Amino acid sequence: MSLFVIAACLAAGCMIGFMGGVLGIGGGLIAIPALVLLMGMPQQLAQGTALIMVLPTIMMAVRKYNQQTRIDKRVALAGAAGAVLFTWVGAQMALGIDSTLLRQSFAVFLFFIALFYVWQTWRASRPAARHAPPPTRATPVFTPRRASVLGILCGTLGGFFGVGGAVLAVPIITTVFRLPQTTAQALALSMVIPGSMIALITYTWAGQANWIVGAPLAIGSLIFVPIGVRLAYRLPERKLRACFALMLFATVALLAFEG
């Protein structure tokens, strides 16, 4: 592989790391369609290669989030424990199906997550919503037991799509448990770290991870993640949700173009 391609991957990693830090998604949602569309990788290889970049980026992002607002470690550990085994199950399922079907499933999943964020942003922007009295029913507490159940679901999706566990967890945490967007992003990313390790090992063992491409992506991403996380804490939550939804729709468009 030429030095130009490695340099391009390094530059792309910088951009992906910045955007992933702002949106709390680890960058994999951007990297996977880019690897499919620009480098012609099969979906499984793109997912495995993206995990090389995603794992250290997630760890860096969690560290930066924790510096801003302390993460509830009991909840995060319970979610991570629930995710570990089921991440391996999801990865085995992904490695055993057709690449085109996997890419189409990935696009459909992201489309519905994006629709949910559009609805959530619209609901928060209504005047009635801003001035409505507080709900009478108590908001459920995000306990370690509930986090472990969410971790099982997120682990399965994270293994199957290479990413996606945090993408699903964030809207559930913000909507059901009413936690702030940045707190939800920090918890969701914390929960998927061990599972992402399992997924990366599984994809690499199956020969579905290109480390020559993934390593410079990871280096570039690590440089710019802290900048993105700092910006995330300065943006209004409604604007952050809207940016998240737009990024997901752009990802779906890229995957549809490839199909």
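Everything numeric here is computed off the predicted structure, so don't read it as measured data.
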Does some side-chain heavy atom of [Y] sit less than 4.5 Å from a side-chain heavy atom of [X]?
X	Y	value
M39	N210	no
L101	S105	yes
F249	V118	yes
L217	V213	yes

Nearest heavy atoms of [X] and [Y], plus distance in Å:
X	Y	result
P194	S190	CD-O, 4.0 Å
T202	A91	CG2-CB, 3.8 Å
V75	T143	CG2-C, 4.2 Å
L45	Q208	N-OE1, 3.2 Å
A184	I173	CB-CG2, 3.6 Å
I58	S196	CD1-OG, 4.0 Å

Taking [Y] as the starting point, is it possible to reach [X] by hopping between hydrophobic residues whose side chains are less than 4.5 Å apart?
X	Y	answer
I52	W205	no
V108	L153	yes
L115	L246	no
F112	L102	yes
I201	M93	no

Run the side chain to side chain contact (heavy atoms under 4.5 Å, CB included) test on T100 and Q43 for me, step by step, so that the C-alpha distance in whole Å, both residues' side-chain angles and the decisive distance to 0.1 Å come before the verdict. CA-CA 7 Å; T100 301; Q43 184 73 19; over 6 Å; no
_Using side chain to side chain contact (heavy atoms under 4.5 Å, CB included), reason through R146 and V141 one step at a time and then give a plain yes or no._
CA-CA 9 Å; R146 288 168 174 159; V141 178; 4.3 Å; yes
Contacts satisfying ring pair (Phe, Tyr, Trp, His ring centres under 6.0 Å) that involve residues 177-204 (not counting sequence neighbours) are F142-F177
[atom2] on [Y] to [atom1] on [X], rounded to 0.5 Å:
X	Y	atom1	atom2	value
I32	I16	CD1	CD1	10.0 Å
I71	R63	CD1	CZ	12.0 Å
R103	D98	CZ	CG	9.0 Å
L179	I172	CG	CD1	12.5 Å
L200	M53	CG	CE	12.0 Å
R178	T174	CZ	OG1	9.5 Å

Original post:
Got a donor-acceptor contact below 3.5 angstrom from the Q92 side chain to the F160 backbone?
Top reply: no
**Report entry** F161 and F106 aromatic ring geometry - parallel, tilted or perpendicular at 30°/60° bounds
**Finding:** tilted
Report task. Might you confirm whether atom CZ of F111 has over 12 heavy atoms from other residues, nucleotides or ligands at distances under 6.0 Å? Result -> no
If you apply the rule side chain to side chain contact (heavy atoms under 4.5 Å, CB included), what do you find for W211 with T49, and how did you get there?
CA-CA 7 Å; W211 285 80; T49 302; over 6 Å; no
Show the atom names and distances, to 0.1 Å, of all donor-acceptor pairs under 3.5 Å that link a side chain in residues 76-90 to residues at least two apart or in another chain.
from : atom 1 : to   : atom 2 : distance (Å)
T87  : OG1    : A83  : O      : 2.6
T87  : OG1    : G155 : O      : 3.3

